[in-house]
Amino acid sequence: QVQLVESGGAAVQAGESLRLACTVSRSYYNNNDMAWFRQAPGKQRELVARITTSGEVKYEAFVEGRFTISRDDATSTVYLQMDNLKPDDTGIYYCNAIPAPPTSGWGARYWGPGTQVTVSS
């Protein structure tokens, strides 16, 4: 059974930092490149950053230089350090494998609850 549990979200002011964590079931973590996604109100879920099983990282342009993704193999946890947060970063943040399962239908059960990040100006 695949389990992903995100945590660390909060309401903060612009310019502040947050560190998100996602604990992942062991086999799912070991066998997949992982990523963080986010979904703003009224918008589609979008990719934020990804990390391969070997630790190579890639960021979307809108977070480049502000966010850092990492993974801890000992605890099967994926982290997202978010610095210099902006109001546009507001949304629910999810982690999952990449390529990710669909968010509806059969894939819905492979997504965790997400964690809410709210950034005010």
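Hydrogens, waters and symmetry mates are skipped; everything else that's a heavy atom, side chains included, is used.
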Novice: Look only at the side chain of Arg109 and the backbone of Gly105, and say whether a donor-acceptor pair between them is shorter than 3.5 Å.
Specialist: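 Side chain of Arg109 to backbone of Gly105, a donor-acceptor pair under 3.5 Å: no, none is there.
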Novice: Under the 3.5 angstrom rule, does the side chain of Trp111 hit a backbone N or O of Cys95 as a donor-acceptor pair?
Specialist: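 No; zero donor-acceptor contacts below 3.5 Å.
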Novice: Less than 4.5 Å apart, side chain to side chain, heavy atoms only: is that true for Asp33 and Lys58?
Specialist: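 Of all side-chain heavy-atom pairs linking Lys58 with Asp33, none is under 4.5 Å.
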Novice: Return the minimal non-hydrogen interatomic distance between Ile92 and Gly114, and the atom names on each side.
Specialist: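 For Ile92 and Gly114, the tightest heavy-atom pair comes out as CG2-CA, 3.8 Å.
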Novice: Under 3.5 Å, is there a donor-acceptor pair between the Arg50 and Tyr59 side chains?
Specialist: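 Per modelled atom types, Arg50 and Tyr59 side chains form no pair under 3.5 Å.
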Novice: Are Val57 and Leu47 connected, step by step, through hydrophobic side chains (Ile, Leu, Val, Met, Phe, Trp, Tyr) whose heavy atoms are closer than 4.5 Å?
Specialist: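 No, Val57 does not connect to Leu47 through the hydrophobic network.
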Novice: Does NZ or CZ of Arg38 lie under 6.0 Å from the centre of the six-membered ring of Tyr94, at an angle within 45° of the ring axis?
Specialist: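 Checked: cation-pi criterion not met.
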Novice: Does Pro87 offer a backbone N or O that forms a donor-acceptor pair with the side chain of Thr90 under 3.5 Å?
Specialist: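 Yes, Thr90 side chain to Pro87 backbone: donor-acceptor pair under 3.5 Å.
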Novice: Between Thr118 (side chain) and Ala11 (backbone), is there a donor-acceptor pair under 3.5 Å?
Specialist: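 Not a single qualifying donor-acceptor pair exists.
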Novice: Start with the C-alpha gap between Phe67 and Val48, add the side-chain angles, then the distance that decides, and say whether side-chain contact (heavy atoms from CB on, under 4.5 Å) holds.
Specialist: CA-CA 9 Å; Phe67 290 11; Val48 174; 3.7 Å; yes
Novice: Please report the interatomic distance OG1(Thr103) to CZ(Arg45), rounded to the nearest 0.5 Å.
Specialist: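 Going from the OG1 atom of Thr103 to the CZ atom of Arg45 covers 5.0 Å.
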Novice: Should Ile51 and Val2 be counted in the same cluster of Ile, Leu, Val, Met, Phe, Trp and Tyr side chains packed under 4.5 Å apart?
Specialist: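 Looking at the clustering, Val2 is in the same group as Ile51.
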Novice: If I compare all heavy atoms of Gln3 with all of Ser25, which pair ends up nearest, and what's the gap?
Specialist: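 For Gln3 versus Ser25, the nearest heavy atoms are N-OG, 2.7 Å.
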Novice: Less than 4.5 Å apart, side chain to side chain, heavy atoms only: is that true for Met34 and Val78?
Specialist: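 They are in side-chain contact.
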Novice: Determine, for Tyr79 and Arg19, whether the Lys NZ or Arg CZ falls below 6.0 Å from the six-membered ring centre while staying within 45 degrees of the axis.
Specialist: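 Pair Arg19/Tyr79 counts as cation-pi.
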Novice: Would you call Leu80 and Tyr93 a side-chain contact if the rule is heavy atoms closer than 4.5 Å?
Specialist: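 Yes, their side chains come closer than 4.5 Å.
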Novice: Just by distance, do the side chain of Asn96 and the backbone of Tyr110 share a donor-acceptor pair under 3.5 Å?
Specialist: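 Yes: the side chain of Asn96 pairs with the backbone of Tyr110.
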Novice: Which heavy-atom pair separates Ser120 from Gln13 by the least distance, and what is that distance?
Specialist: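 Minimum heavy-atom separation between Ser120 and Gln13: OG-NE2, 3.3 Å.
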Novice: Please give me the minimum heavy-atom distance between Gln81 and Ser17, naming the atom from each residue.
Specialist: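 Looking at all heavy atoms of both residues, the shortest contact is NE2-CB, 3.9 Å.
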Novice: What is the minimum heavy-atom distance between Ala35 and Phe37, and which atoms define it?
Specialist: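 Of all heavy-atom pairs spanning Ala35 and Phe37, the closest is CB-CE1, 3.8 Å.
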Novice: How far apart are the closest heavy atoms of Gln39 and Gln44, and which atoms are they?
Specialist: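 Closest pair (atom of Gln39, atom of Gln44, distance): CG-C, 4.1 Å.
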Novice: Short question: side chain of Ser76, backbone of Arg26 - any donor-acceptor pair under 3.5 Å?
Specialist: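 No: the side chain of Ser76 does not pair with the backbone of Arg26.
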Novice: Say you draw a straight line from CG of Leu18 to CG of Asp83; how long is it, rounded to the nearest 0.5 Å?
Specialist: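 These two atoms lie 9.5 Å from each other.
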Novice: Should Ile98 and Val24 be counted in the same cluster of Ile, Leu, Val, Met, Phe, Trp and Tyr side chains packed under 4.5 Å apart?
Specialist: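 Ile98 and Val24: separate clusters.
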Novice: Should we count CD of Gln1 as having more than 12 external heavy atoms under 6.0 Å?
Specialist: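 Counting other residues, nucleotides and ligands, CD of Gln1 stays at 12 neighbours or fewer.
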Novice: Just by distance, do the side chain of Arg71 and the backbone of Thr52 share a donor-acceptor pair under 3.5 Å?
Specialist: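 Looks like yes, one N/O pair under 3.5 Å.
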Novice: Compute whether any side-chain donor of one residue and acceptor of the other, for Asp72 and Tyr29, lie under 3.5 angstrom apart.
Specialist: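 No pair is found: no donor N or O on one side chain lies under 3.5 Å from an acceptor on the other.
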Novice: Would the distance check show the side chain of Thr77 and the main-chain N or O of Thr75 forming a donor-acceptor pair, the cut-off being under 3.5 Å?
Specialist: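 Checked: pair present.
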Novice: Hey, does the side chain of Asp89 reach the backbone of Leu85 with a donor-acceptor pair shorter than 3.5 angstrom?
Specialist: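 Absent.
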Novice: For the pair Trp106 (side chain) and Pro101 (backbone), establish whether a donor and an acceptor sit closer than 3.5 Å, ignoring hydrogens and angles.
Specialist: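 Checked: no pair found.
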Novice: Is it the case that more than 12 heavy atoms not belonging to Glu56 sit under 6.0 Å from its CD atom?
Specialist: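 Not more than 12 within 6.0 Å, no.
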Novice: Within the 4.5 Å heavy-atom criterion, are Leu20 and Val117 side-chain neighbours or not?
Specialist: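 Heavy-atom side-chain distance check passes, below 4.5 Å.
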